[in-house]
2 protein chains.
Amino acid sequence: MKRQQKAQQTRQKIVAAAYDVFLQNGFQKTTITQIIKQANIGYGTAYVYFQNKDEIFIDIMEDVMQKFYAIAELPFAPKTKGEAVRLIHHQVRLFLELAVQEKALLQVMKEAIGASSIAAKTWKQIRERFIARIAEDVAYSQKNGLAKRHLQPKLVARGWFYANEMYMWELTEPSVPFSLEEAARHLTEMYTNGVYS
Amino acid sequence: MKRQQKAQQTRQKIVAAAYDVFLQNGFQKTTITQIIKQANIGYGTAYVYFQNKDEIFIDIMEDVMQKFYAIAELPFAPKTKGEAVRLIHHQVRLFLELAVQEKALLQVMKEAIGASSIAAKTWKQIRERFIARIAEDVAYSQKNGLAKRHLQPKLVARGWFYANEMYMWELTEPSVPFSLEEAARHLTEMYTNGVYS
DNA sequence: AAAGAAATTGACACGATGTCAATGACATAA
DNA sequence: TTATGTCATTGACATCGTGTCAATTTCTTT
């Protein structure tokens, strides 16, 4: 059984080395040569475990995705508008805080999403998962008479997540002209006033 | 004076050829070789007029930018909330319609913005121009008692534009799960209910 | 310990980039 | 008209990154 272990270990060496190099050089400037050098393995070895640079990055990306999913899946069952506002504000904060916490990796992710179609696809999955979940929450609120009924949950969810996502990306930039707290407050307020009644 | 004319003509040949090739192959797959071949010029010539592929694309990008700017600068001086809603809805429609109209180029632009830092910078300029202009409109509405005064115009403008922008990108995709009109209506309604009083 | 299987390797072919010395084409002055 | 300098054009070249694959090393099994 030592054979497979060694192989897995090599795979891990690649991912770990890639993580370092990606954070150091960004997505596009990173080369396979840099990664295998950092991992102390031969050039061809990288291609045994991954198709290309993009695939290696996806591996890294999926770790953070889990953290995002956890926030997306938080329970949401408010009885009043006030409670809904509080829950939403809390969720927005968690979302933006996670972005700031993982700032370095998210910067690389943004670059990767732009440059690699596989990375783009992966991110789109996260997004649609969020939107689907938010749409559920909106529908719930509508059923309970908390939210305006004539709006389509899916379209509301989409617009709402888009605003959040863009604020998130903005927060990963070196200098931002606003604070996380301000962003969370404005997002929540605009949204809840616009959709809840 | 024929000297400069010829040079300008060559430059234009490059841009025109690049436009074709970019639309055909997308941003990343396009190579200098393809462009100079389409333009019927020598390889080195492209580098006389542009630093690289990115610079050529910026030239093309700036044409469409003008159309966006025109929409951003539309006059906004409503006397009532109803009038504001109508103006905003109209502007959103124009914005999204322009996106659909220029769909092919916008798809390439999206790719370029992701892959090229120069293109990203250029797009950011458009965005900030929009946000600055919207912030003015919000401030105007607040002064005239149409909009909630405790919100910061710049943050409101940012969130609002982000939602619009993402819907715009979505509308350039091959198949979209909603109509332009639905998107415009929901955007406008969520926004005006959230910010106007 | 021999044979087979699995893991590792780096040299190679290929394609794209950006540079630059050489060439070609035009304008101006004699 | 010619000659001379200037500007425009060119493609061969050096460089770099990619992905492949035949050869080699390392382990496992008999």
Side-chain angles (χ1 to χ4, degrees), chain A residues 1-60 108 111-112 114-120, chain B residues 1-60 108 111-112 114-120:
Chain A
M1 287 295 118
K2 218 172 161 198
R3 211 66 170 267
Q4 294 174 32
Q5 280 175 22
K6 196 82 197 299
Q8 280 311 307
Q9 188 186 323
T10 303
R11 194 196 151 93
Q12 267 319 107
K13 268 205 280 185
I14 295 172
V15 176
Y19 183 88
D20 291 349
V21 180
F22 277 130
L23 283 198
Q24 189 69 37
N25 300 353
F27 182 75
Q28 305 205 68
K29 285 194 182 169
T30 293
T31 69
I32 298 288
T33 306
Q34 291 170 339
I35 295 174
I36 59 104
K37 218 168 162 183
Q38 170 85 12
N40 267 324
I41 58 172
Y43 187 85
T45 311
Y47 286 92
V48 172
Y49 295 95
F50 299 94
Q51 302 256 343
N52 48 40
K53 198 175 75 171
D54 302 33
E55 301 276 8
I56 302 178
F57 189 74
I58 297 298
D59 226 69
I60 294 170
V108 184
E111 203 195 335
S116 148
S117 61
I118 317 178
Chain B
M1 287 296 116
K2 217 172 162 195
R3 214 65 171 268
Q4 293 174 33
Q5 282 174 21
K6 195 81 198 299
Q8 280 311 306
Q9 189 187 323
T10 304
R11 194 195 151 93
Q12 267 319 107
K13 268 204 281 186
I14 296 171
V15 176
Y19 183 89
D20 291 349
V21 180
F22 277 130
L23 282 198
Q24 189 68 37
N25 300 353
F27 182 76
Q28 305 204 69
K29 285 193 182 170
T30 294
T31 69
I32 298 288
T33 305
Q34 291 170 338
I35 294 175
I36 59 104
K37 218 169 162 182
Q38 170 86 12
N40 267 323
I41 58 173
Y43 187 85
T45 311
Y47 286 92
V48 172
Y49 295 95
F50 299 93
Q51 302 255 345
N52 49 41
K53 198 175 74 171
D54 301 33
E55 302 275 9
I56 302 179
F57 189 74
I58 296 299
D59 226 70
I60 294 169
V108 185
E111 205 195 334
S116 148
S117 61
I118 317 178

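Protein chains get the first letters and strands the later ones, always in sequence-line order, with residue 1 at the start of each.
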Any idea which of C:dG10, C:dT8, D:dT9 is nearest the A:Tyr43 side chain?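 Closest nucleotide among those given: C:dG10.
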
Minimum-distance nucleotide (side-chain atoms of A:Tyr49 versus C:dA7, C:dG18, D:dT9):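 Among C:dA7, C:dG18, D:dT9, the one nearest the side chain of A:Tyr49 is C:dA7.
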
In this structure, how many angstroms lie between the [atom2] atom of [N] and the [atom1] atom of [X], rounded?
X	N	atom1	atom2	answer
B:Gln4	D:dC7	CD	P	10 Å
B:Lys6	C:dA27	NZ	C1'	14 Å
B:Ile35	C:dA16	CD1	P	12 Å
B:Ile32	D:dG11	CD1	P	15 Å
A:Asn25	D:dG17	CG	C1'	14 Å
A:Ile36	C:dT8	CD1	P	13 Å
A:Asn52	C:dC14	CG	C1'	17 Å
B:Gln9	D:dC7	CD	C1'	16 Å

CD1-CZ distance between A:Ile56 and A:Arg11, expressed to the nearest 0.5 angstrom: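 Nearest 0.5 Å value for the CD1-CZ distance: 9.0 Å.
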
Quick one: OH on A:Tyr47 to CD1 on A:Ile14, what's the gap to the nearest 0.5 Å?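 The OH atom of A:Tyr47 sits 11.0 Å away from the CD1 atom of A:Ile14.
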
May I ask you to say what A:Phe50 touches in the nucleic acid, namely base, sugar-phosphate or nothing, with a heavy-atom cut-off under 4.0 Å?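 No contact.
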
Pick base, sugar-phosphate or nothing for A:Thr45, based on heavy-atom distances below 4.0 Å to the nucleic acid.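 A:Thr45: base contact, heavy atoms under 4.0 Å.
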
Heavy-atom pair of closest approach, residues A:Gly26 and A:Val108: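 Looking at all heavy atoms of both residues, the closest pair is C-CG1, 4.3 Å.
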
Measure from the side-chain N and O atoms of B:Lys29 to the backbone N and O of B:Gln24, and report whether any donor-acceptor pair falls under 3.5 Å.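 Judged by distance alone, no pair lies under 3.5 Å.
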
Main-chain N/O of A:Phe27 paired to A:Glu111 side chain as donor or acceptor, under 3.5 Å: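 Yes: the side chain of A:Glu111 pairs with the backbone of A:Phe27.
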
If you compare every side-chain N and O of B:Tyr47 against the phosphate oxygens of C:dG18 (OP1, OP2), does one of them come in below 4.0 Å?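 For C:dG18, OP1 or OP2 has a side-chain N or O of B:Tyr47 closer than 4.0 Å.
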
Is any side-chain N or O of A:Thr31 closer than 4.0 Å to OP1 or OP2 of D:dC16?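 No, because none of the side-chain N or O atoms of A:Thr31 sits under 4.0 Å from OP1 or OP2 of D:dC16.
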
